[in-house]
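One structure is given here, and the rest of the page talks about it.
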Protein chains: 2
Amino acid sequence: MSEDTPTGESDTATLFRFLNEVAIVAQLSGNAFEKVMPGTMTLPQFIVLNHLVRLGDGRTPLRIANALQVSKGAMTNTLGHLERAGWIAVRPDDVDRRSKRVDLTGAGREAHAAAIDALGPELAWLAGAVPPARVRAALPLMEEMRRALDVRRG
Amino acid sequence: MSEDTPTGESDTATLFRFLNEVAIVAQLSGNAFEKVMPGTMTLPQFIVLNHLVRLGDGRTPLRIANALQVSKGAMTNTLGHLERAGWIAVRPDDVDRRSKRVDLTGAGREAHAAAIDALGPELAWLAGAVPPARVRAALPLMEEMRRALDVRRG
DNA sequence: CCAATGTAGTTCGATGTCGAACAATATAGT
DNA sequence: ACTATATTGTTCGACATCGAACTACATTGG
């Protein structure tokens with residue numbers, strides 16, 4: 001949520017508007033993706049699966065939470081849903097018994113592949129609607145902003 | 001939530017990464033703002049107040065919901081919190097009795113001003129951490145993307 | 001004038017998020 | 001070794017979001 005439309009203003013005002021747009025785009029794109037995702041899979045669930053598929057499973061919940069910038073509590077919640085869906089398996093870590101390890105199941109990899117397939121057309125449509133060159137050009141800015149906010153957070 | 005880091009890839013892959021970053025920046029900036037907001041005010045509540053202060057009050061809930069791109073149900077919820085806080089007053093519309101009208105209260109304007117004051121330093125810090133010129137340059141892209149997603153939604 | 005449709009708002013259930021409190025376990029410092 | 005501190009994960013309450021079902025009222029077409 002967020003919005004509005006000023007005129008010709010200060011750096012902070014522009015930044016504020018920019019963050020408004022960022023929030024709306026995040027919301028709308030998230031909703032659009034959830035609508036095409038197969039079955040009961042939600043976006044946060046897909047993002048965790050995608051993370052494990054791409055960077056490897058066997059990670060700890062905390063490591064995943066940090067990588068995806070969500071709280072431990074949020075990760076506990078999402079991993080619970082993924083496990084109940086049969087898409088991941090969680091095992092204890094014998095070396096550090098406070099910890100757990102998260103593995104993908106075969107069903108999890110299949111569900112991820114299905115989601116990727118479903119997302120393709122949506123992404124292709126959006127790539128056709130906005131100039132990819134400008135998206136590419138703006139990526140570093142978003143990454144910098146993310147890093148800056150992440151640092152400030154601690 | 002979202003994340004990851006590929007290499008040199010297709011337009012849709014870049015777009016996907018871009019949307020990941022957008023989602024994280026939205027989340028982190030939202031959290032950062034909520035942390036400095038005065039009292040019990042949340043970000044969605046501030047955004048509604050800000051909308052009313054800048055574009056004028058007396059609007060209907062549905063009109064606000066559409067402008068801010070949230071569902072009617074979400075707006076009912078947020079307006080309820082704002083009303084209980086004494087920051088807005090909701091009155092029936094005598095012309096169209098299905099409708100309501102949302103007015104700011106004096107306390108609401110004061111709370112908004114206090115929030116703006118609290119947000120200032122945060123925005124100034126972020127404006128110092130990322131090049132404002134690049135933010136300005138990227139704004140139109142975000143607006144286009146928002147419009148594209150909004151159209152697709154219907 | 002009435003029936004069919006459309007629109008404004010509310011309610012509900014599922015999901016997600018944060019942050020704080022808590023338990024279990026590990027590590028460090030003396 | 002033992003105590004103090006740090007880390008991992010869970011739980012809980014408050015808030016937010018969507019989307020679908022539902023009520024109340026308005027508009028449109030015959």
Side-chain angles (χ1 to χ4, degrees), chain A residues 1-2 23-24 26-37 39-48 59-85 88 90-102 149 153-154, chain B residues 1-2 23-24 26-37 39-48 59-85 88 90-102 149 153-154:
Chain A
M1 182 158 131
S2 58
I24 290 191
Q27 169 117 19
L28 292 179
S29 65
N31 290 352
F33 283 0
E34 276 203 1
K35 254 180 246 169
V36 300
M37 301 250 281
T40 64
M41 192 184 297
T42 66
L43 188 54
Q45 290 165 20
F46 168 74
I47 289 169
V48 169
R59 288 159 197 272
T60 70
L62 184 56
R63 200 166 161 211
I64 303 172
N66 288 338
L68 303 188
Q69 315 270 25
V70 294
S71 66
K72 296 183 296 180
M75 190 49 57
T76 296
N77 182 24
T78 298
L79 291 178
H81 283 284
L82 287 172
E83 191 170 26
R84 272 169 249 135
I88 61 171
V90 181
R91 57 182 157 91
D93 181 331
D94 295 314
V95 177
D96 184 340
R97 285 190 304 175
R98 293 168 302 182
S99 239
K100 295 185 171 178
R101 297 292 174 156
V102 179
L149 288 164
R153 192 184 54 153
Chain B
M1 181 156 138
S2 58
I24 290 191
Q27 170 115 24
L28 293 179
S29 65
N31 291 351
F33 282 0
E34 276 204 0
K35 255 180 242 169
V36 300
M37 301 249 281
T40 64
M41 192 185 297
T42 66
L43 188 54
Q45 289 165 23
F46 167 74
I47 290 169
V48 169
R59 288 161 196 273
T60 70
L62 184 57
R63 200 167 160 212
I64 303 171
N66 287 337
L68 304 187
Q69 317 271 21
V70 294
S71 66
K72 296 184 296 179
M75 189 49 57
T76 296
N77 181 24
T78 298
L79 291 178
H81 284 283
L82 287 172
E83 192 170 26
R84 272 169 250 135
I88 62 171
V90 181
R91 58 181 157 91
D93 181 331
D94 295 314
V95 178
D96 185 340
R97 284 191 303 175
R98 292 168 302 183
S99 237
K100 294 185 171 178
R101 296 291 174 157
V102 180
L149 287 164
R153 194 186 50 155

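Lettering of chains follows the sequences in order, A, B, ..., and the numbering in each one begins at 1.
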query = Taking DNA chain C as the partner, which of residues 92-102 of chain A come within under 4.0 angstrom of it by heavy atom?
reply =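 Per residue number, the list reads A:V95, A:D96, A:R97, A:R98.
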Length of the [atom1]-[atom2] vector between [X] and [N], whole Å:
{"X": "B:F46", "N": "D:dC15", "atom1": "CZ", "atom2": "P", "value": "19 Å"}
{"X": "A:R63", "N": "D:dT8", "atom1": "CZ", "atom2": "C1'", "value": "15 Å"}
{"X": "B:M41", "N": "D:dC15", "atom1": "CE", "atom2": "P", "value": "14 Å"}
{"X": "B:L62", "N": "D:dA26", "atom1": "CG", "atom2": "P", "value": "16 Å"}
{"X": "A:I64", "N": "D:dT10", "atom1": "CD1", "atom2": "C1'", "value": "16 Å"}
{"X": "B:N77", "N": "C:dG9", "atom1": "CG", "atom2": "P", "value": "15 Å"}
{"X": "A:E83", "N": "D:dG9", "atom1": "CD", "atom2": "P", "value": "13 Å"}
{"X": "B:L68", "N": "D:dC18", "atom1": "CG", "atom2": "P", "value": "11 Å"}

Rounded to the nearest 0.5 Å, what's the gap from [atom1] on [X] to [atom2] on [Y]? Could you check?
{"X": "B:T42", "Y": "B:I47", "atom1": "OG1", "atom2": "CD1", "result": "8.5 Å"}
{"X": "A:N31", "Y": "A:E34", "atom1": "CG", "atom2": "CD", "result": "7.0 Å"}
{"X": "B:R84", "Y": "B:L79", "atom1": "CZ", "atom2": "CG", "result": "10.0 Å"}

Side chain to side chain donor-acceptor pair (under 3.5 Å) partners of [X], counting only residues at least two apart:
{"X": "B:N66", "answer": "none"}
{"X": "A:S99", "answer": "none"}
{"X": "B:T60", "answer": "none"}
{"X": "A:R63", "answer": "none"}

task = Please name all residues satisfying side-chain contact (heavy atoms from CB on, under 4.5 Å) with A:A74, sequence neighbours left out, ordered by chain then number.
result =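 side-chain contact (heavy atoms from CB on, under 4.5 Å) check on A:A74 returns A:V70, A:S71.
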key: Those residues that, when tested against A:R91, pass side-chain contact (heavy atoms from CB on, under 4.5 Å) (two or more places apart)   =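 side-chain contact (heavy atoms from CB on, under 4.5 Å) list for A:R91, sorted by chain: A:R101, A:D103.
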request  = Would you indicate what A:T76 reaches in the nucleic acid, counting non-hydrogen atoms under 4.0 angstrom: base, sugar-phosphate, or nothing?
outcome  =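 Base contact.
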task = Determine: side-chain N/O of B:T78 to OP1/OP2 of D:dT17, distance under 4.0 Å, yes or no.
result =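 So the side chain of B:T78 is within the cut-off, an N or O lying under 4.0 Å from OP1 or OP2 of D:dT17.
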query = Is any side-chain N or O of B:H81 closer than 4.0 Å to OP1 or OP2 of D:dA14?
reply = no
key: Terminal helix-axis angle for the helix from C:dC1-D:dG30 to C:dT30-D:dA1, with five pairs defining each axis and rounding to 10 degrees   = 20°
A:R98: partners by salt bridge (charged side-chain N to carboxylate O under 4.0 Å, His left out), with sequence neighbours left out =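 Checked A:R98 against salt bridge (charged side-chain N to carboxylate O under 4.0 Å, His left out); matches are A:D96.
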ask   = Partners of B:R59 by salt bridge (charged side-chain N to carboxylate O under 4.0 Å, His left out), sequence neighbours excluded?
value =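 Partners of B:R59 under the salt bridge (charged side-chain N to carboxylate O under 4.0 Å, His left out) test: none.
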Contact list (N/O, under 3.5 angstrom) for nucleotides 18-21 of chain C vs protein:
| from | atom 1 | to | atom 2 | distance (Å) |
| --- | --- | --- | --- | --- |
| C:dC18 | OP1 | B:Q27 | NE2 | 3.0 |
| C:dC18 | OP2 | A:S71 | N | 2.7 |
| C:dC18 | OP2 | A:S71 | OG | 2.7 |

